[in-house]
Amino acid sequence: MKIGILSDSHLKGDYTKEVIDLLKAKQSEYLVHAGDLCIEKNLELLENSGLKYVAVFGNNDRSLFSLETKYNIKTEPYYFKIKDIKFKLMHLPYYMTPDSDVVIFGHTHMFECEYKNKTLFINPGEVCAREKPLIECVQLEIKENEYIITRYFKNSKNIKFEKEEYIYER
């Protein structure tokens with residue numbers, strides 16, 4: 001199972017589309033957005049991706065609250081399951097308890113992945129290239145005995161994404 005993870009799109013709909021297209025090309029089956037979508041266009045891009053998706057409201061998403069019933073956007077922390085894996089999704093890293101198999105968060109604009117006490121913590125970094133000149137996202141591949149996290153990143157001026165891979169035994 002492959003899950004595309006992104007966060008902190010802010011006002012960059014063009015970057016959001018680029019990241020979603022990349023994650024689809026890498027055969028992601030699901031998309032998860034960890035908040036700060038900021039504009040309806042970013043929700044439309046998730047909706048029109050053709051993939052199952054979920055997003056949470058970030059601290060800059062007040063203007064999107066009225067769209068909660070139109071799109072699959074939830075209040076944090078949001079718990080859900082894909083197959084037999086339990087996820088916790090949030091924007092602000094305030095609920096960092098290991099009460100799920102995978103905890104996904106955003107807000108800091110910094111990529112992080114750590115596996116401790118049988119919980120995988122992931123922050124995909126930022127789509128918007130605001131804190132640093134990088135457009136970032138993550139693909140999480142869940143296999144029977146391992147998690148494979150592939151971080152994709154590129155300078156906003158470059159054409160091609162680079163990648164780094166992290167593997168944890170489950």
Side-chain angles (χ1 to χ4, degrees), residues 1-10 16 19-24 26-62 64-127 136-152 166-170:
M1 166 174 45
K2 293 180 179 180
I3 302 165
I5 305 172
L6 56 157
S7 186
D8 293 282
S9 293
H10 289 266
T16 302
V19 163
I20 289 171
D21 289 347
L22 170 74
L23 293 168
K24 284 179 67 174
K26 300 297 182 185
Q27 285 89 43
S28 292
E29 302 162 69
Y30 305 90
L31 293 175
V32 176
H33 197 298
D36 273 1
L37 295 110
C38 297
I39 53 175
E40 186 174 4
K41 179 180 180 179
N42 289 326
L43 284 165
E44 289 171 352
L45 289 166
L46 290 170
E47 181 79 21
N48 295 331
S49 71
L51 300 177
K52 293 179 184 176
Y53 77 93
V54 66
V56 290
F57 292 107
N59 60 301
N60 291 298
D61 290 335
R62 285 172 211 76
L64 302 177
F65 286 170
S66 64
L67 302 173
E68 185 170 15
T69 57
K70 185 175 179 182
Y71 299 99
N72 194 19
I73 185 165
K74 308 294 184 183
T75 302
E76 64 178 353
Y78 180 67
Y79 293 87
F80 63 97
K81 282 183 105 172
I82 300 176
K83 299 186 180 174
D84 62 340
I85 306 294
K86 186 176 178 185
F87 291 84
K88 178 167 54 176
L89 174 60
M90 64 193 137
H91 181 65
L92 297 168
Y94 292 163
Y95 312 98
M96 300 296 284
T97 53
D99 56 354
S100 300
D101 299 306
V102 180
V103 175
I104 298 170
F105 62 102
H107 185 64
T108 66
H109 294 239
M110 300 300 294
F111 167 76
E112 293 180 51
C113 72
E114 182 179 16
Y115 186 63
K116 65 180 181 186
N117 300 325
K118 297 188 178 184
T119 299
L120 178 62
F121 295 87
I122 299 176
N123 183 330
E126 63 180 356
V127 170
E136 300 170 292
C137 64
V138 162
Q139 185 178 64
L140 169 61
E141 184 173 2
I142 301 174
K143 294 189 171 187
E144 187 176 332
N145 296 315
E146 65 185 359
Y147 292 116
I148 303 169
I149 298 96
T150 306
R151 173 187 178 229
Y152 293 99
Y166 303 82
I167 299 174
Y168 298 104
E169 283 186 36
R170 313 179 35 203

- Message: side-chain hydrogen bond (donor to acceptor under 3.5 Å, both in side chains) for E40 and Y71? Distances and angles first, verdict last.
- Response: CA-CA 9 Å; E40 186 174 4; Y71 299 99; 2.7 Å; yes
- Message: Checking the side chain of K24 only, and the main-chain atoms of S49 only, is there a donor and an acceptor separated by less than 3.5 Å?
- Response: yes
- Note on the structure: Correct closest heavy-atom pair for L43 and L67 would be CD1-CD1, 4.2 Å
- Mind telling me whether H107 and H91 have parallel, tilted or perpendicular rings, with 30° and 60° as the class edges? perpendicular
- Task: May I ask you to decide if H10's main-chain N or O and N42's side chain share a donor-acceptor pair within less than 3.5 Å?
- Result: yes
- If only atom types and distance count, is the side chain of Y147 paired as donor or acceptor with the main-chain N or O of V102 below 3.5 Å? no
- Go through K41 and T16 one step at a time and tell me if the side-chain hydrogen bond (donor to acceptor under 3.5 Å, both in side chains) criterion holds. CA-CA 9 Å; K41 179 180 180 179; T16 302; over 6 Å; no
- Note on the structure: Minimal heavy-atom distance between P124 and F105, with the atoms involved, is CD-O, 3.4 Å
- Rounding to 0.5 Å, atoms CG (L6) and OH (Y53) come to a distance of 12.0 Å
- Message: Whether the side chain of N123 engages the backbone of G106 through a donor-acceptor N/O pair (distance < 3.5 Å, no angle test) should be reported.
- Response: yes
- Message: Just so I know, are the side chains of I142 and I82 near enough to count as touching, which here means a heavy-atom distance under 4.5 Å?
- Response: no
- Task: Quick one: pull up CZ in F111 and CD in E136 and give me the separation to the nearest 0.5 Å.
- Result: 8.5 Å
- Query: Roughly how far apart are L45 CG and D21 CG, rounded to 0.5 Å?
  - Reply: 8.5 Å
- Query: If you round to the nearest 0.5 Å, how far is NZ of K88 from OH of Y78?
  - Reply: 14.5 Å
- Donor-acceptor contact below 3.5 Å, side chain S28 vs main chain K2: no
- Heavy-atom closest pair (D61 atom, L37 atom, distance to 0.1 Å) is OD1-N, 3.0 Å
- Side-chain contact test, heavy atoms from C-beta onward, threshold under 4.5 Å: evaluate it for Y94 versus E76 and give yes or no. no
- Message: Whether the side chain of D8 engages the backbone of V127 through a donor-acceptor N/O pair (distance < 3.5 Å, no angle test) should be reported.
- Response: no
- Message: Less than 4.5 Å apart, side chain to side chain, heavy atoms only: is that true for L46 and H33?
- Response: yes
- Message: On a heavy-atom basis, which atom in M90 and which in V103 lie closest, and how many Å separate them?
- Response: CE-CG1, 3.2 Å
- Task: Please indicate whether M1 has more than 12 foreign heavy atoms, meaning atoms of other residues, nucleotides or ligands, lying under 6.0 Å from its CE.
- Result: yes
- Less than 4.5 Å apart, any side-chain heavy atom of F121 and any of E112? no
- OG of S7 to CD1 of I122, rounded to nearest 0.5 Å, is 12.0 Å
- For F87, ring-ring contact (aromatic ring centres under 6.0 Å, His included) partners two or more places apart: F80
- Query: Looking only at heavy atoms, what is the nearest atom pair of S100 and K86, with distance?
  - Reply: CB-O, 3.5 Å
- Message: side-chain contact (heavy atoms from CB on, under 4.5 Å), that's the test. Do T75 and E68 meet it? Break it down for me.
- Response: CA-CA 9 Å; T75 302; E68 185 170 15; 4.0 Å; yes
- Task: List the steps, then state whether side-chain contact (heavy atoms from CB on, under 4.5 Å) holds for E146 with E141.
- Result: CA-CA 8 Å; E146 65 185 359; E141 184 173 2; over 6 Å; no
- Message: Using modelled atom types and a 3.5 Å cut-off, is there a donor and acceptor pairing between side-chain atoms of R170 and backbone atoms of K143?
- Response: yes
- Message: For the backbone of N59 and the side chain of D36, can you confirm whether one donor and one acceptor N or O come within less than 3.5 Å of each other?
- Response: yes
- Message: So, applying side-chain contact (heavy atoms from CB on, under 4.5 Å) with L31, which one of I3, V54, L51 is it?
- Response: L51
- Any side-chain heavy atom of Y168 sitting closer than 4.5 Å to one from I149? yes
- Task: State, with a plain yes or no, whether a side-chain heavy atom of I5 is found less than 4.5 Å away from one of C137.
- Result: no
- Just wondering, are more than 12 heavy atoms of other shown residues or ligands nearer than 6.0 Å to OH in Y79? yes
